[in-house]
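Predicted model only: the values in this text are computed from it and were never measured. Chain A is the first sequence line, chain B the second, and so forth, proteins listed ahead of strands; every chain is numbered from 1. Note: hydrogens, waters and symmetry copies are ignored here, and every other heavy atom, side chains too, is used.
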Amino acid sequence: MLNTDVFVNIGINHYLGLSAILFVLGLMGVLLRRNAIVILMSIELMLNAVNLTFVAFSRYTHRIDGQIIVFFVMTIAAAEAAVGLALMVSIYKRFKEVNIRFFEHLKG
Amino acid sequence: MISDALLFWFLAFVTVGSGLAVVLFTNPIYSALSLVMTMVGVSALFVTLGAYFIAGVQLIVYAGAVMVLFVMVLMLFDLKQELMAFSRGQITGALKVISAGLFLGLIFGIITKRSNLSFVDKIPSPADINIDNSKELGTVLFARHIFGFEALGVLLLVIAVGTVALARSKGGTHAKH
């Protein structure tokens with residue numbers, strides 16, 4: 001008989017596995033895509049995966065500090081998105097495209 | 001118990017599927033909308049973990065503010081379907097996918113083999129879930145992590161000024177002086 005325990009009893013390892021999958025999806029987005037905005041979105045995906053890990057461990061250890069760190073991570077992510085999108089706007093003004101290859105002209 | 005498991009697997013399916021869609025769609029608007037779906041799924045996962053306040057903040061900050069910012073910038077650019085959405089080299093692309101897969105396998109190996117985390121956490125009983133979650137969160141944030149909180153305030157001020165300065169600069173990065 002098939003052991004269905006893994007599928008029925010949801011523990012911390014399930015959450016950790018799910019967040020690892022999400023993190024690697026974001027990593028592949030960063031590595032494979034050329035559009036800089038999609039790269040920013042993939043970074044947001046990775047940060048979300050990390051947040052999921054923090055909350056899972058906070059629940060597991062019954063300590064609230066993990067959720068505090070999630071606050072900090074969310075703030076940093078919002079700030080990073082704002083700065084990244086401002087960079088995109090100035091790249092787009094010059095090159096009319098937001099492909100990542102134009103970032104090598106950012107010097108000066 | 002079964003309903004908890006079903007809910008988890010459903011949410012896992014939704015988040016992984018929409019996360020995959022973020023990477024695979026060539027139209028950036030579709031990617032942004034899939035990312036909204038992922039954010040909502042992660043927020044629901046926070047609810048299943050008993051972090052209600054964080055779930056609300058996730059919905060407001062990510063699905064509300066950050067994604068609206070993304071979609072607005074995308075509409076400003078008026079990007080069409082991209083021709084070169086993915087990086088070109090086949091071999092390097094395969095190497096990237098393989099290394100990301102190895103990384104995933106490494107994490108899974110660490111989680112399942114080396115951890116002495118009990119595989120089955122207790123199902124949250126009503127006494128187990130902290131009802132005053134937000135109250136305790138506020139107490140800890142303003143008592144133990146007050147320095148980080150203030151530093152974040154300074155950071156947000158710097159970011160606000162810097163973003164406006166970056167976006168207003170005439171001629172982008174190649175301004176003629």
Side-chain angles (χ1 to χ4, degrees), chain A residues 7-18 20-22 24-29 31-35 37-38 41-42 44-45 48 51-52 55-56 58-60 64-65 67-68 70-72 74-75 77-79 81-83 85-94 98-99 105-106 108, chain B residues 2 4-5 8 12 15-16 19-20 22-23 28 31-32 35 38-39 42 45-46 49-51 54 57 61 65-66 69-70 73-74 77 82 84-87 93 96-97 100 103-104 107-108 111-112 117 119-121 136-137 140-141 145 148 152 155-156 159 162-163 166-167 169 172-174:
Chain A
F7 298 105
V8 174
N9 289 319
I10 302 299
I12 185 175
N13 281 1
H14 290 85
Y15 285 97
L16 295 185
L18 175 61
I21 291 174
L22 280 180
V24 169
L25 277 178
L27 185 66
M28 284 200 203
L31 289 177
L32 290 176
R33 295 302 297 262
R34 305 297 304 263
N35 187 330
I37 293 184
V38 180
M41 287 184 208
S42 305
E44 299 287 331
L45 195 61
N48 256 286
N51 280 351
L52 189 57
V55 174
S58 156
R59 164 96 178 72
Y60 183 74
I64 204 103
D65 297 67
Q67 300 189 14
I68 304 280
V70 170
F71 266 127
F72 292 170
M74 276 183 186
T75 317
V83 171
L85 288 173
L87 275 175
M88 300 307 142
V89 169
S90 54
I91 289 282
Y92 184 78
K93 273 188 200 163
R94 176 70 175 78
V98 285
N99 203 303
H105 301 298
L106 261 181
Chain B
I2 288 285
D4 279 349
F8 173 80
T15 46
V16 170
L20 206 59
V22 172
V23 180
S31 293
L35 190 57
T38 316
M39 301 294 184
V42 171
L45 282 169
F46 287 168
L49 283 167
I54 294 284
V57 170
V61 171
V66 173
L69 196 66
F70 268 106
V73 170
L74 278 175
F77 290 168
E82 284 181 283
M84 293 188 342
F86 296 92
S87 51
K96 285 167 186 170
V97 172
F103 184 61
L104 183 66
I107 299 175
F108 262 79
I111 290 172
T112 52
L117 308 165
F119 204 84
V120 180
D121 196 5
E136 195 187 341
L137 209 58
V140 175
L141 178 63
H145 298 274
L152 272 186
L155 176 82
L156 281 182
I159 290 294
T163 305
L166 259 180
S169 64
T173 56
H174 285 231

Contact part of A:Leu22 toward chain B, heavy-atom cut-off under 4.5 Å: side chain, backbone, both or neither?
side chain
Heavy-atom pairs under 4.5 Å with chain A - which of B:Val22, B:Thr38, B:Leu155, B:Val57 has more of them than the others?
B:Val57
Under 4.5 Å to a heavy atom of chain A? For B:Phe70 that would be both
Can you tell me how far the CG atom of B:Leu104 sits from the CG atom of A:Leu25, to the nearest 0.5 Å?
8.5 Å
Heavy-atom contact with chain A under 4.5 Å, split by part of B:Ala32
both
Quick one: pull up CE in A:Met41 and CG in A:Asn35 and give me the separation to the nearest 0.5 Å.
7.5 Å
For chain B, which of A:Val83, A:Asn48, A:Leu27, A:Leu45 has the most heavy-atom pairs under 4.5 Å?
A:Asn48
If one checks every heavy atom of B:Leu69 against chain A at 4.5 Å, the contacting part turns out to be both
Using a cut-off of under 4.5 Å on heavy-atom pairs, state which of B:Ile159, B:Leu49, B:Thr163 scores highest against chain A.
B:Leu49
Where does B:Ile54 contact chain A at under 4.5 Å (heavy atoms): side chain, backbone, both or neither?
both
Applying side chain to side chain donor-acceptor pair (under 3.5 Å) to B:Thr15 and not counting sequence neighbours gives none
Distance, nearest 0.5 Å, that separates CG of A:Leu52 from CZ of B:Phe46:
5.5 Å
List for me each residue that meets side-chain contact (heavy atoms from CB on, under 4.5 Å) alongside A:Thr75, sequence neighbours excluded, and say none if there are none.
B:Leu152, B:Leu156
What is the minimum heavy-atom distance between A:Glu44 and A:Ala77, and which atoms define it?
OE2-O, 3.4 Å
Under a 4.5 Å cutoff for heavy-atom pairs, which residue among B:Gly93, B:Ala51, B:Gly162 has the most contacts with chain A?
B:Ala51
CZ (A:Phe71) and CG (A:Asn51) are apart, to the nearest 0.5 Å, by 11.0 Å
Need one label for B:Val140: side chain, backbone, both or neither, based on atoms under 4.5 Å from any heavy atom in chain A.
both
In terms of heavy-atom pairs under 4.5 Å with chain B, which of A:Leu31, A:Val70, A:Val89 leads?
A:Leu31
State the CD1-CG distance between B:Ile111 and A:Asn13, to the nearest 0.5 angstrom.
6.5 Å
